[in-house]
Amino acid sequence: MSNNQAFSLLCSMNTEQNEKRISLIIADWYEQHKRDLPWRQTRDPYKIWLSEIILQQTRVDQGLSYYLRFISSYPDVFSLARAGEDEVLKLWQGLGYYSRARNMYKTASEIVSVHKGVFPGDYKSLLRLKGIGPYTAAAIASFSYDQAYPVVDGNVIRVLSRIFNVDLAIYSSQAETLFNELAWALLDKENPARHNQAMMEFGALQCKPGQPDCINCPLRELCLASSLGLVDKRPVRKPSLIRKKRCFNYLCLSDGRHTWLQQRKNKDIWQNLWEFPLFETTALLEWPAMMTTLPELLSNRSEHSDRTELLSDGSESADYLNNKASLSSVHNFNHILSHQHIQARFFTVLIPEDLKTLPPEWTKLELRNIDKLAVSRLTEIYLENHLNELDFNSNRIIR
DNA sequence: AAAGCGGGGCA
DNA sequence: TGCCCAGCTTT
């Protein structure tokens, strides 16, 4: 059995009979084993959509509390659209893949302004919305509108690749085509909603990635990979990508009552989230180097008049800061993303209240309002442990 | 077609 | 540690 002979095999066997058998077995299994999840209690396309966006590349266990909070804060698409992107990002904080939140907000606005608050009922129209791809469009179309489209997500791919022993590397375009064909072949067009839920639940609970429960599997005898002893070789993954190493040096300033933050605007991780002024370097900086780099940083910013007169000379500003500012603490963190390894160093620096030479793009913020802004998990962890060091009163000065 | 995009749980 | 998760967008 090689490559995409799986589909031809499926067709050459007693085809329709077999397809129906498989999906019926999975549907039966589903009725016995399904979890009670809140988005299964509704057909409201808004709630279905919200749950699907949250669950993209995210485990149910991780997304569940976010779903409940979002539904509670924004019970309908109008309330979500009325919120600002900043507010949505704040509620999304910690969930990752923040483009989902930005796209979700954009789509909510569009649903209200273009579609009068009603989600489109057909697959093609759903597909045109930001953040909705083939999977999510099929999910909404089937769960909310009973349209016969099969969902093809990580769970379904795993289930199909094992039943039909597909040895194509998943996420190749060939494999994508094959998995779509197989998913269409199995689809129960009489009950696409239950079928899709069943396929995913079966993948999540029975046909698991790590230790699939083949002993008790109702498809044991129909499963090609199981018959061939290849379950643990399916699906065939692509080689994992290399993690890029980056060094982030953060300058955490405080005058006792305020701090200064920037919003990330580049096409990079954490777009539109807030963070302390950042120096990215090839190796982490020590404090003296960080200090001497500051004037460079300050002079590189725009030629703002009220600053250049005070900072006409770089070394002068270094001295200025050196005299006025005091390093309070240094904290290091390793932060792992799926595609990056970030070494982060936070310099906590206390400055006098009358320091007026900071770059204008550093937004001054009262310390007590710092939890109003959306920050990365990395910055959140720093704040959880060391926010108190930004306060003069609860602080000892090291230097 | 391939790269880029988070964070957490688990063996 | 490496793998993988109810994927999509951009290049």
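Remember, predicted model here, so these are calculated numbers, not experimental data. The chains referred to below are lettered A, B, ... by the order of the sequence lines, with proteins before strands, and numbering in each begins at 1.
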Worksheet item: Between A/S240 and A/Y97, which is nearer to the 5' end of DNA chain C once each is assigned its nearest nucleotide?
Response: A/S240
Worksheet item: What integer distance in Å separates A/I170:CD1 from B/dA1:P?
Response: 16 Å
Discussion item. Looking only at side-chain N and O atoms, does A/Y30 offer a donor or acceptor that is under 3.5 Å from a partner on A/Q206?
Written reply: no
Fill in: Mutual orientation of the aromatic rings belonging to A/H386 and A/H331 [parallel < 30°, tilted 30-60°, perpendicular > 60°]
parallel
Worksheet item: Using a cut-off of 4.0 Å on non-hydrogen atoms, how would the nucleic acid contact of A/Q197 be classed: base, sugar-phosphate, or nothing?
Response: base
Item to complete: Using a strict cut-off of less than 4.0 Å between a Lys/Arg side-chain nitrogen and an Asp/Glu carboxylate oxygen, indicate whether A/D188 and A/K20 qualify as a salt bridge.
Response: no
Practice prompt. Would you mind reading off the distance between A/L241 atom CG and B/dA2 atom P, rounded to a whole angstrom?
Written response: 13 Å
Worksheet item: Can you check the A/N266 CG to B/dG4 P distance for me, whole Å?
Response: 15 Å
Worksheet entry | Under-4.0 Å side-chain N/O to phosphate OP1/OP2 contact, A/H339 with B/dG4 | no
Discussion item. Using a 4.0 Å heavy-atom cut-off, does A/N196 contact any base of the nucleic acid, only the sugar-phosphate backbone, or nothing at all?
Written reply: nothing
Worksheet item: Between the main-chain N or O of A/E19 and the side-chain N or O of A/S23, is there a donor-acceptor pair closer than 3.5 Å?
Response: yes
Item to complete: Measure the distance from CD1 on A/I336 to C1' on B/dG7 and round it to the nearest whole Å.
Response: 11 Å
Worksheet item: Base, sugar-phosphate alone, or nothing: which one does A/R158 contact when heavy atoms must sit under 4.0 Å apart?
Response: sugar-phosphate
Discussion item. Check this for me: A/E190, atom CD, are more than 12 non-hydrogen atoms of other residues, nucleotides or ligands nearer than 6.0 Å?
Written reply: no
Discussion item. Measure CG/A/L378 against P/B/dG8 and give the value in whole Å, please.
Written reply: 11 Å
Worksheet item: Should A/R264 and A/D268 count as an ion pair when the cut-off is N to O under 4.0 Å?
Response: yes
Between the protein and nucleotides 9-11 of chain B, are there any N/O to N/O pairs under 3.5 Å, and if so, what are the atom names and distances?
none

Worksheet item: Using a cut-off of less than 4.0 Å, is there contact between a side-chain N or O of A/K238 and OP1 or OP2 of B/dA2?
Response: yes
Worksheet entry | Rounded C1' spacing from B/dG8 to C/dT9 in Å | 23 Å
Worksheet item: Of A/S173 and A/R102, whose closest DNA chain B nucleotide lies nearer the 5' terminus?
Response: A/S173
Worksheet item: So which of residues 49-58 of chain A are in contact with DNA chain B, with a heavy-atom cut-off of under 4.0 Å?
Response: A/Q57, A/T58
Discussion item. I want to confirm an ordering. Mapping A/R35 and A/I132 to their closest nucleotides on DNA chain C, which one lands closer to the 5' end?
Written reply: A/R35
Worksheet item: So where does chain A start and stop touching DNA chain C, 5' to 3', when the test is distance under 4.0 Å to a non-hydrogen atom?
Response: C/dC3 to C/dT11
Fill in: P gap between C/dA6 and B/dG4, integer Å
24 Å
